[in-house]
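Here is how names work: the chains are called A, B, and so on, in the same order as the sequence lines, proteins then strands, and each is numbered from 1. Being a predicted model, the structure only gives us computed values, none of them experimental.
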There are 2 protein chains.
Amino acid sequence: MGRKREFDEEAVLAGAMMAFRRHGYAGLSILELEAATQISAGSLYNAYGDKEGLYRAVFDFYFRKVIDPRIGSAQTLDDLEKVAIDLFNPPFSDGLGCLVTNAAVEFRNSAGTGGYFAGRGLDTIEAAALRAVRADMGDGNEPAALRIVLLYQGMLVLTRAGRLSNAYKDAVRAEFDRLRRQAKSTFPAIREQNAKGD
Amino acid sequence: MGRKREFDEEAVLAGAMMAFRRHGYAGLSILELEAATQISAGSLYNAYGDKEGLYRAVFDFYFRKVIDPRIGSAQTLDDLEKVAIDLFNPPFSDGLGCLVTNAAVEFRNSAGTGGYFAGRGLDTIEAAALRAVRADMGDGNEPAALRIVLLYQGMLVLTRAGRLSNAYKDAVRAEFDRLRRQAKSTFPAIREQNAKGD
DNA sequence: TAAGTTTTAGTATGGACATTCTAGAATGGA
DNA sequence: TCCATTCTAGAATGTCCATACTAAAACTTA
């Protein structure tokens, strides 16, 4: 069956993920990818076909390791608040932002890999926000969910600009507090009802 | 004093601005800039030194024509709401987003031109939000101002991803309505006091 | 109108980059 | 132990790009 791969694919993808997160797609050269992954260009091309193939693999990895477990599985406002506030804590406070947001800005809604994964990531985030708001606040509060999406994307822009100061943490927490308060006062039975459903 | 410039500088900067807004800095070639500005590379280099010099000039133009008059001069929540809602209307609904936000994502807080203007633009936006919130709501509501910054930056990410649907318009309007309502109920005298000051 | 200067368009140029190619090394099966 | 296959590293290739250069055109001043 031929020679075995010498590299640890998870380590390569993790290294490439960091590099893509830092430099974007076009801004990252194969030379830099060799350094970030610790494998040669020959091996990268053999394993992933081309730079875009590696980008695809990195996005799959990012969804599998980050987006899906953290956001795709979020069910409540508390879950989403944790996602947001974690931007102030390691490892998410590294100022590199989110591959999805960065790709959305770099590729817009274009046809290729970047546009596709950006759209899929934003879908996941929007769906999670709607799910959490409906669960905790009931129907009719979709605007609150969309504001959470906007707040979160805004945080990712500011963290990348190195401007997500602690003042923003209070601002975001206050918004989640307000939503939970509103949930309790308007639909007092919803949380308990959900709890029963477990 | 030598031959006169044949091009209209405002037209060149406007064309280059659109192109930089669409493609970012690294993603835009001199060849594309020739097409966008309708002048030759020779003239571009003669007038602006290099690509980065043109980028600087475009950013100056963008601040002078867009950021300063629209955001730098905003004094009230109404003013800011107009800025935000205009993202749903031409010419701001073109899906290209804001040069400042795009540069913040492309350059992070790096040392060069992009990082500098991104920071300056975000300063302007944050200052405007704080100014408007203090004017309409009084002191102590800075978190509300920071949330406006986040919402706006989030809108710019989503518009660039082609995902700023009309549902987001309602969500943003509702937030400004809420802030104005809160302003009225908590500090009923503030608006009238400001009105007197005119 | 001659001289000097700036602008313009177009043509080099040199470098960076993604990708391909090559040769050798490792692996498993016959 | 040979053979076919896959992997690896590094060198070679061709393209694209930012920028420099060149010569002609247009303008100002004397």
Side-chain angles (χ1 to χ4, degrees), chain A residues 1-59 102-103 106-107 110-115 117, chain B residues 1-59 61 103 106-107 110-115 117:
Chain A
M1 253 316 201
R3 183 171 171 178
K4 280 181 180 163
R5 288 202 178 155
E6 293 174 7
F7 61 84
D8 173 2
E9 172 146 41
E10 297 259 316
V12 164
L13 292 176
M17 180 188 82
M18 289 297 286
F20 277 122
R21 236 161 45 86
R22 180 179 300 273
H23 296 110
Y25 177 76
L28 183 65
S29 71
I30 298 292
L31 215 68
E32 290 170 306
L33 274 168
E34 288 187 287
T37 59
Q38 303 277 31
I39 64 174
S40 70
S43 294
L44 285 175
Y45 274 83
N46 179 64
Y48 301 103
D50 57 12
K51 187 183 173 189
E52 191 177 339
L54 174 58
Y55 194 51
R56 267 193 299 272
V58 164
F59 253 119
N102 298 352
E106 181 169 1
F107 294 101
S110 64
T113 300
F117 281 104
Chain B
M1 251 317 199
R3 184 170 171 177
K4 280 181 180 164
R5 286 200 180 160
E6 293 174 8
F7 62 83
D8 172 3
E9 173 147 40
E10 296 258 315
V12 163
L13 292 175
M17 180 189 83
M18 288 298 286
F20 277 122
R21 238 161 44 86
R22 181 180 299 272
H23 296 110
Y25 178 77
L28 183 65
S29 70
I30 298 292
L31 214 67
E32 289 170 307
L33 274 167
E34 289 187 287
T37 60
Q38 303 277 32
I39 63 174
S40 70
S43 294
L44 285 175
Y45 275 83
N46 180 64
Y48 302 102
D50 57 11
K51 187 182 172 188
E52 192 177 340
L54 174 59
Y55 194 50
R56 267 192 298 273
V58 164
F59 253 119
F61 179 77
E106 181 169 0
F107 294 100
S110 64
T113 300
F117 280 104

Quiz item: Residues in side chain to side chain donor-acceptor pair (under 3.5 Å) with Arg3(B), at least two apart?
Solution: Glu6(B)
Quiz prompt | Nearest-angstrom distance from the residue atom CD of Glu9(B) to C1' of dT7(C) | solution = 14 Å
Quiz item: Can you give one letter per nucleotide of nucleotides 17-30 of chain D, going 5' to 3': B for a protein heavy atom under 4.0 Å from the base, S for sugar-phosphate only, - for none?
Solution: SSB-----BBBS--
Quiz item: Rounded to the nearest Å, what distance is computed from the CD atom of residue Gln38(A) to the P atom of nucleotide dT8(D)?
Solution: 14 Å
Practice problem: For Gln38(B), enumerate each residue passing the side chain to side chain donor-acceptor pair (under 3.5 Å) test, keeping only those at least two apart in sequence or located in another chain. | Solution: none
Practice problem: Send over the distance from Glu34(A) CD to dT8(D) C1', rounded to a whole Å. | Solution: 11 Å
Quiz item: What salt bridge (Lys or Arg N to Asp or Glu O under 4.0 Å) pairs are there with at least one residue in residues 24-47 of chain A, not counting sequence neighbours?
Solution: none
Quiz item: When the distance from OH of Tyr48(A) to C1' of dA18(C) is rounded to whole Å, what number comes out?
Solution: 18 Å
Practice problem: Using side-chain contact (heavy atoms from CB on, under 4.5 Å) as the criterion, list what pairs up with Ala47(B), not counting sequence neighbours. | Solution: Arg5(B), Phe7(B)
Practice problem: Rounded off to whole Å, could you give me the CG-to-P distance for the Leu44(A) and dC7(D) pair? | Solution: 13 Å
Quiz item: With sequence neighbours excluded, what pairs up with Ser110(A) under the side chain to side chain donor-acceptor pair (under 3.5 Å) test?
Solution: none
Quiz: residues 52-59 of chain B side-chain donor-acceptor pairs under 3.5 angstrom, not counting sequence neighbours:
residue: Glu52(B); atom: OE2; partner: Thr113(B); partner atom: OG1; Å: 2.5
residue: Arg56(B); atom: NH1; partner: Thr113(B); partner atom: OG1; Å: 3.4

Practice problem: Mind calculating the distance between CG (Asn46(A)) and C1' (dG24(C)) to the nearest angstrom? | Solution: 14 Å
Quiz item: Are Val12(A) and Tyr48(A) close enough that some pair of their side-chain heavy atoms sits under 4.5 Å apart?
Solution: yes
Exercise. Round to the nearest Å and state the distance from Arg5(B) atom CZ to dT5(C) atom C1'.
Key: 13 Å
Quiz item: In whole Å, what is the span from the CD1 atom of Ile39(A) to the C1' atom of dG10(D)?
Solution: 14 Å
Quiz item: Considering only heavy atoms, which members of residues 12-21 of chain A lie under 4.0 Å from some atom of DNA chain C?
Solution: none
Self-check item: salt bridge (Lys or Arg N to Asp or Glu O under 4.0 Å) contacts touching residues 8-28 of chain A (sequence neighbours left out)
Solution: Glu10(A)-Arg64(A), Glu10(A)-Lys65(A), Arg21(A)-Asp94(A)
Practice problem: Kindly determine whether Asn102(A) and Phe20(A) satisfy side chain to side chain contact (heavy atoms under 4.5 Å, CB included), including the steps that lead there. | Solution: CA-CA 9 Å; Asn102(A) 298 352; Phe20(A) 277 122; over 6 Å; no
